[in-house]
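Please read the structure below before turning to the comments.
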Amino acid sequence: MRQVFSFAVAVAFAVMSFVPVTRAAGEDLAALIDALRIDDTVEIMRKEGLRYGSELGGEMLPGVNPQTWSDQVARIYDTDKMARVVTQGFETALEGEEISELVAFFTSETGQEIVALELSAREAFLNDDTEMAAMDAYEIARDDNTALFQQVETLIADSDLVDYNVMGALNSNLMFYRGLADGGAFEMSEDDMLADVWSQEGEIRDDSEGWLGAFLLLAYQPLEEEELAAYAEFYRSDQGRVLNAAIFEAYDQMYEELSYLLGQAVAQQMRSQDL
């Protein structure tokens, strides 16, 4: 499953009556949520998941009716449930944090432009030809060591994006194995699962580095050099780092749950074929 996140991934929050937040804090959080556009992000992630599920079915379930499997995958990638998991994770991660600077940035003209550019680039990457063209453009930019390439690489390094994505992907893969095992597809110890997952670390890291570079290069092309520099500086701030960590904590939880459910679904179909 593609598990790569940019910075301005949308988030959501539902204020429960028993949560002790002040009116000002609640207003700030609501404004941040609105600015970050969670619904649009989750919808794109659902499209990515449906495509991944189709590929997974072709590889692991060659004898299953494609429509039956497609319907099952669609039920797993339920946008309301996905948003709810992210909401709860994000709420927990930001509890007690000061977020006024986050609100100010993402409700600004530059912040809104960056959110829109990232969503547009992620939507564009649903097309394989567009993704491959972006990968080629990234390789050219790296060879030429362009100013935009240098800014993107600095931004990736400063925010530990590769490490965050690698750990998220490894955890999701582990949950997929657990889903397969719990669903009765095979018997495998936790140690064996961990060993197999960790053997994928190098390949996942290489994939994450290339994908992140190509994605962010495509997304940030329209930005002025000063705008991107300000964005990078923002994510080096204390609040920027808090948001970055919260984004990965919330979305990792969502991907782990989806991966586990996919593993169980694959196991169910395998057992059905064996009957």
Let me see the working for Y138 and F215 under side-chain contact (heavy atoms from CB on, under 4.5 Å), right down to the final yes or no.
CA-CA 9 Å; Y138 173 71; F215 168 70; over 6 Å; no

Between [X] and [Y], is there a donor-acceptor pair closer than 3.5 Å when you use the side chain of the first and the backbone of the second?
{"X": "W211", "Y": "E131", "answer": "no"}
{"X": "Q264", "Y": "L180", "answer": "no"}
{"X": "D196", "Y": "D192", "answer": "no"}
{"X": "N165", "Y": "S208", "answer": "no"}
{"X": "Q150", "Y": "N145", "answer": "yes"}

Got a second to check how far [X]'s [atom1] is from [Y]'s [atom2], nearest 0.5 Å?
{"X": "F125", "Y": "S120", "atom1": "CZ", "atom2": "OG", "answer": "11.0 Å"}
{"X": "S189", "Y": "L194", "atom1": "OG", "atom2": "CG", "answer": "8.5 Å"}
{"X": "E43", "Y": "M82", "atom1": "CD", "atom2": "CE", "answer": "8.5 Å"}
{"X": "M254", "Y": "E256", "atom1": "CE", "atom2": "CD", "answer": "10.5 Å"}
{"X": "S272", "Y": "N65", "atom1": "OG", "atom2": "CG", "answer": "12.0 Å"}
{"X": "D129", "Y": "M132", "atom1": "CG", "atom2": "CE", "answer": "9.0 Å"}

Is the shortest side-chain heavy-atom distance between [X] and [Y] below 4.5 Å?
{"X": "F149", "Y": "D144", "value": "no"}
{"X": "M60", "Y": "M270", "value": "yes"}
{"X": "D39", "Y": "T79", "value": "no"}
{"X": "L243", "Y": "F90", "value": "yes"}
{"X": "Y52", "Y": "L258", "value": "no"}
{"X": "F105", "Y": "I114", "value": "yes"}
{"X": "M45", "Y": "Y255", "value": "yes"}
{"X": "E226", "Y": "T110", "value": "no"}

Begin from the C-alpha positions of V242 and L102 and carry the test side-chain contact (heavy atoms from CB on, under 4.5 Å) through to its verdict.
CA-CA 10 Å; V242 166; L102 300 177; 5.5 Å; no

Quick one: hydrophobic cluster around Y260, which other residues, with the 4.5 Å side-chain cut-off, linked directly or via members?
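For the cluster that includes Y260, the remaining residues are M175.
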
Residue pairs, two or more places apart or on separate chains, that pass salt bridge (charged side-chain N to carboxylate O under 4.0 Å, His left out) and touch residues 164-191
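Qualifying pairs, neighbours excluded: R178-E190.
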
Where [X] and [Y] come nearest, the two heavy atoms and their spacing:
{"X": "R241", "Y": "D158", "value": "NH1-O, 3.4 Å"}
{"X": "L61", "Y": "V266", "value": "CD2-O, 3.8 Å"}
{"X": "Q112", "Y": "F106", "value": "NE2-O, 2.8 Å"}
{"X": "A93", "Y": "E249", "value": "CB-OE1, 3.7 Å"}
{"X": "A229", "Y": "Q151", "value": "N-NE2, 3.5 Å"}
{"X": "V103", "Y": "T107", "value": "O-OG1, 2.6 Å"}

Q88-Q253 side chain donor-acceptor pair, cut-off 3.5 Å:
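No donor-acceptor contact under 3.5 Å links the two side chains.
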
Among I156, D207, L217, which one satisfies side-chain contact (heavy atoms from CB on, under 4.5 Å) with L212?
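Only match with L212 under side-chain contact (heavy atoms from CB on, under 4.5 Å): I156.
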
Under-4.0 Å salt bridge between [X] and [Y]:
{"X": "R37", "Y": "D40", "answer": "yes"}
{"X": "D163", "Y": "R205", "answer": "yes"}
{"X": "E48", "Y": "R122", "answer": "yes"}

Show, in sequence, the C-alpha distance, side-chain angles and deciding distance for R142 and E153, and conclude whether the salt bridge (Lys or Arg N to Asp or Glu O under 4.0 Å) test is met.
CA-CA 10 Å; R142 179 166 59 185; E153 291 297 291; over 6 Å; no

Carefully, step by step, assess W198 and L174 under the rule side-chain contact (heavy atoms from CB on, under 4.5 Å).
CA-CA 9 Å; W198 273 107; L174 177 61; over 6 Å; no

If the plane angle is over 60° it's perpendicular, under 30° parallel, otherwise tilted; pick one for Y231 and Y235.
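Ring orientation of Y231 relative to Y235: perpendicular.
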
With sequence neighbours excluded, tell me which residues meet side-chain hydrogen bond (donor to acceptor under 3.5 Å, both in side chains) with Q221.
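Testing Q221 for side-chain hydrogen bond (donor to acceptor under 3.5 Å, both in side chains), a comparison that skips the adjacent residues, returns none.
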
Report whether M188 and F176 are members of the same hydrophobic cluster (ILVMFWY, side-chain heavy atoms less than 4.5 Å apart, transitive linking).
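Yes, it is one cluster - the side chains of M188 and F176 are joined through contacts under 4.5 Å.
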
Given the rule in the side-chain contact (heavy atoms from CB on, under 4.5 Å) test, do L161 and L216 qualify, once you have shown the distances and angles that lead to the verdict?
CA-CA 11 Å; L161 283 187; L216 295 181; 4.1 Å; yes

